[in-house]
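Here the structure comes first, spelled out in structure tokens, and everything after it is commentary.
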Amino acid sequence: MKDLKIAIIGCGNLGSSIVNGLLDSEDFDVKNLTVTKRRPESLFYLQPLGITVTADNLRAANEADLVILGVKPFNVAEILDELKPVLNPEKQAIISLATGISLDEMYLHLAPTTVVFRAMPNIAADIKESITCICGENATPEMEDRVKALFNCVGTTLFIEEHLMEGATVLGACGIAFVLRFMRAMTQGGIQIGFGAETANTIVNQTVKGAAELILQKGIHPEAAIDKVTTPKGCTIVGLNEMEHHGFSAAMVRGVLASFNKIDRSQ
Ligand SMILES: NC(=O)c1ccc[n+]([C@@H]2O[C@H](COP(=O)([O-])OP(=O)(O)OC[C@H]3O[C@@H](n4cnc5c(N)ncnc54)[C@H](OP(=O)(O)O)[C@@H]3O)[C@@H](O)[C@H]2O)c1
């Protein structure tokens, strides 16, 4: 990992989250990182940290072992056409972060032997807590290990089949927003029962963190943990059932499906 040269072509919100995670990682040397934007000024603060910041996509891609595409989905085709003359399919791999752009669509703009991955991290990469779902084509196990090691620097990784990548976008990337909206609603409830906003936020944030850690560390099903909290005739089950009467679980499932259908329609 230390010698791996990485270019992030189109370093916007998600790209910057990955940069922040890598900056904080002992396994990666940020001197080997180059980030690009058409207007790179907003990234110049990274230069004193040893990261190369440039608008020159060709130079950045040419020198990299792993070329990460952080541009919007509608920019992927033009970027691949721009980069193709300098790419070396024998040595490099392309990793696209773009939602809804398939491997086949990318191969329309690449040599057939090129190693191509799709990766779907989320903005928790910023604090090395992303879940990154990955699929790829033409990769050797060593190349897969490299890509896994890269995204392990910013959280946890999972290799999945390509047909599940849109689902991964919804659960992993949109999912952050779903959970945050849930947290906001819980905070609002807390304010109504008497807490100041800041105190309510503190309680909700740590409660959500604790719930996630509990499930992760103990490896138990959420409902099994819920059973431990719901005293018969108690206040927790009354609150939970009231939420379900108002469609809590149904709203979440319908939201997940709506996001999924939206990605499908835009393909
Ligand atoms: N945000 C998320 O949580 C998330 C999660 C998973 C996947 N994704 C995917 O990640 C990608 C990026 O999303 P984002 O939210 O980070 O978007 P974003 O903030 O708009 O970043 C895209 C960046 O690409 C740059 N860019 C555009 N054209 C370029 C070009 N020709 N050469 C170099 N840079 C160029 C833009 O900067 P300039 O205008 O200065 O060039 C911009 O900073 C999308 O494909 C999205 O589907 C996002």
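In this chain, residues are counted from 1 in sequence order. Whatever order the structure lists them in is the order used to number ligands and atoms, beginning at 1.
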Inter-residue atom distance N75.CG - K72.NZ, 0.5 Å rounding: 9.5 Å
For atom 17 (O) of ligand 1, closest protein heavy-atom neighbour: K72 NZ, 3.3 Å
Proximity winner for atom 43 (O) of ligand 1, if only heavy atoms of E41, R38, K37, E82 are counted: K37
Proximity flag P121 to ligand 1, non-hydrogen atoms under 4.0 Å: yes
D56 side chain to R59 backbone, donor-acceptor under 3.5 Å: yes
Heavy-atom side-chain proximity of L43 to I51 below 4.5 angstrom: no
Nearest option to atom 42 (C) of ligand 1, as decided by whichever heavy atom of A124, A60, G12 sits closest: G12
Nearest protein heavy atom with distance in Å, relative to atom 9 (C) of ligand 1: L97 O, 3.1 Å
Region of T169 engaging ligand 1 - heavy atom pairs below 4.0 Å: neither
Student check: side-chain heavy atoms of F151 and I95 closer than 4.5 Å: yes
From E82 atom CD to L58 atom CG, the distance as rounded to the nearest 0.5 Å: 5.0 Å
Audit row: T114, N138, side chain to side chain contact (heavy atoms under 4.5 Å, CB included) steps and yes/no: CA-CA 7 Å; T114 311; N138 284 336; 5.6 Å; no
Residue, atom name and distance, where the atom is the protein heavy atom closest to atom 32 (N) of ligand 1: N57 ND2, 3.0 Å
Atom 25 (C) of ligand 1 - nearest protein heavy atom and its distance: G10 CA, 3.6 Å
Contact summary for N62 and Q92, nearest pair of heavy atoms: O-NE2, 3.8 Å
Under 4.0 Å to a heavy atom of A173 - the qualifying atoms of ligand 1, by number: 5 (C), 6 (C)
Heteroatom proximity flag, E78 to ligand 1, N/O under 3.5 Å: no
Per atom 18 (P) of ligand 1, closest listed option by heavy atom (V76, N13, I123, I68): N13
Test log, rule salt bridge (Lys or Arg N to Asp or Glu O under 4.0 Å), inputs R118 and E166: CA-CA 11 Å; R118 294 175 63 185; E166 276 62 51; 2.6 Å; yes
From the candidates T99, D56, N75, the one that places a heavy atom nearest atom 46 (C) of ligand 1: T99
Heavy-atom closest contact (L103 atom, E137 atom, distance): CD1-OE1, 3.8 Å
Passing candidate, side-chain contact (heavy atoms from CB on, under 4.5 Å) with P40, options T52, V53, L46: V53
For atom 48 (C) of ligand 1, closest protein heavy-atom neighbour: L14 CD2, 3.6 Å
Nearest atoms (heavy-atom pairs only) where K84 meets H109: CD-O, 3.3 Å
Shortest protein contact, atom 22 (C) of ligand 1 (heavy atom only): G70 O, 3.4 Å
Least distance between heavy atoms, A93 atom then F117 atom: CB-CE1, 4.1 Å
Close N or O approach (T36, ligand 1; < 3.5 Å): no
Under 4.0 Å to a heavy atom of P73 - the qualifying atoms of ligand 1, by number: 44 (C), 45 (O), 47 (O)
Atoms of ligand 1 close to M120 [distance to a heavy atom under 4.0 angstrom, numbered from 1]: 6 (C), 7 (C)
Nitrogen or oxygen atoms of V71 and ligand 1 under 3.5 Å apart: yes
Which of the ligand 1 atoms, numbered from 1, are nearer than 4.0 Å to a heavy atom of I79: 30 (C), 31 (N), 32 (N)
